[in-house]
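In what follows, chains carry the letters A, B, and so on, assigned in the order in which the sequence lines appear, proteins first and then strands, with residues in each chain numbered from 1.
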There are 2 protein chains.
Amino acid sequence: MSAGVRIGQLARNAGVGIHAIRFYERRGLLRRPPRSEGGYRLFDPDDARDLKFIRKAQSLGFSLAEIRELLILERTSAPGCVHVRDLLRRKLSDVRSKIEELKALEAQLASGLRKCQRELNRSRGQPEKGCPVLKELADAKESEDSK
Amino acid sequence: MSAGVRIGQLARNAGVGIHAIRFYERRGLLRRPPRSEGGYRLFDPDDARDLKFIRKAQSLGFSLAEIRELLILERTSAPGCVHVRDLLRRKLSDVRSKIEELKALEAQLASGLRKCQRELNRSRGQPEKGCPVLKELADAKESEDSK
DNA sequence: CTTGACTCTAGAGTTAACTCTAGGGTTTAC
DNA sequence: GTAAACCCTAGAGTTAACTCTAGAGTCAAG
Ligand SMILES: [Zn+2]
Ligand SMILES: [Zn+2]
Ligand SMILES: [Zn+2]
Ligand SMILES: [Zn+2]
């Protein structure tokens, strides 16, 4: 019955660009759709679902390569949980270590900010002595990486 | 007295590649050093300090463009605290929102992981019903982005 | 028929921060 | 006096995930 929807329509429905759709096809995330006589791609509803799958998986932090694997798993309807669990574990540990990194960074930045703020308060009217943060960065001894 | 050190030496001392040094020069982070008769760059100790500055600032999450500004500020020995404080504020707020993002991600991933784990426990010997995480991703209704 | 909106392919451009290569010259030590 | 180790420039390549372009063909409406 429905002969399939063209790329622009699919793109609008899914909220992605048509270039991205063709890109996903080249990368093996979307299957190659049948074509019209004139060579236009004709997508079916499952492709729309796959696009949503991609966007959800991206929001979970998966790369396109990982998503391709997930999509293949989903299509084969094989068990799959083991593979997915491993992927989730790896991602989770990546995310957790990234969070730790960022927290350390946050502390450093906050400390620098306090120093600048103090210097600005101190030098109301008085001549400034120079930014303490810049001084630390320019300081030859690289002691601040230690705890 | 000391006529200046060549690029390889400087690179070894600072722990960066020679290509990176030339790259920093092109990007305006390092000043153009004088040259030997044969055209070799001859660096002085201040350049080594600037390289350390760059590496420390990078570890604080600053981009090379931002570091260039910081270096220029540091060289002019003008007050500078205001500018630095604003940079720190922006960086800090970036870092904090990134942390929030990642924490939300962490929760999602952990929840998926628990689901996979339960399914794996449930199906000891029994046939699997398919991965619940994959099912959610493939599910047409995109409800999970809401809280 | 003739617009105008749409689509096709192949390939280049984007961003950041390097990294590497090719095809040369320079220094220094033996 | 020559070989090893070093350095030079300009420019291409890397990664991810697109984004955009050029130049051409297709399709529906009027
Ligand atoms: Zn599917
Ligand atoms: Zn599972
Ligand atoms: Zn300096
Ligand atoms: Zn300051």
Distances under 3.5 Å only, N/O to N/O: pair up the protein atoms with those of nucleotides 21-25 of chain D.
from	atom 1	to	atom 2	distance (Å)
D/dG25	N2	A/Y40	OH	2.5

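- Rounded to whole angstrom, the span from the CD1 atom of A/I18 across to the C1' atom of C/dC6 amounts to 8 Å.
- Toward the 5' end of DNA chain D, the nearer of the two residues A/I54 and B/Q9, judged by each one's closest nucleotide, is B/Q9.
- A close approach under 4.0 Å does not occur between any side-chain nitrogen or oxygen of A/R55 and OP1 or OP2 of D/dC18.
- A straight line from CZ of A/R26 to C1' of D/dA17 spans 11 Å, rounded to a whole angstrom.
- Atom CD of B/E25 and atom C1' of C/dC18 are 15 Å apart (whole Å).
- Residue pairs that meet the side-chain hydrogen bond (donor to acceptor under 3.5 Å, both in side chains) test with at least one member in residues 20-34 of chain B, sequence neighbours left out, are B/E25-B/R41, B/R31-B/D46, B/R31-B/D47.
- As a whole-Å value, the separation of A/L64 CG from D/dT19 C1' is 14 Å.
- For A/R41, a side-chain nitrogen or oxygen approaches OP1 or OP2 of C/dC8 to under 4.0 Å.
- Taking every side-chain heavy atom of A/I7 into account, C/dC8 is the closest of D/dA17, C/dC8, C/dC18.
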What nitrogen or oxygen pairs link the protein and nucleotides 28-30 of chain C at under 3.5 Å?
none

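- A rotation axis mapping the C1' atoms of four pairs onto the next four is fitted at both ends of the helix from C/dC1-D/dG30 to C/dC30-D/dG1 over five pairs, and the angle between these axes is 30° to 10 degrees.
- The distance from atom CD of A/E66 to atom P of D/dT15 is 16 Å, rounded to the nearest whole Å.
- Every residue two or more places apart in sequence or in another chain that forms a side-chain contact (heavy atoms from CB on, under 4.5 Å) with B/I99 is listed here: A/L102, A/K103, A/E106, B/V95, B/K103.
- Between B/F62 and A/F43, the residue anchored nearer the 5' end of DNA chain C, judged by the nucleotide with its closest heavy atom, is A/F43.
- Between B/R68 and B/G28, the closest heavy-atom pair is CG-O, 3.2 Å.
- In terms of phosphate contacts, A/S36 brings no side-chain nitrogen or oxygen within less than 4.0 Å of OP1 or OP2 of C/dT7.
- In the hydrophobic clustering, where aliphatic and aromatic side chains (Ile, Leu, Val, Met, Phe, Trp, Tyr) are joined below 4.5 Å either directly or transitively, A/V82 groups with B/L120.
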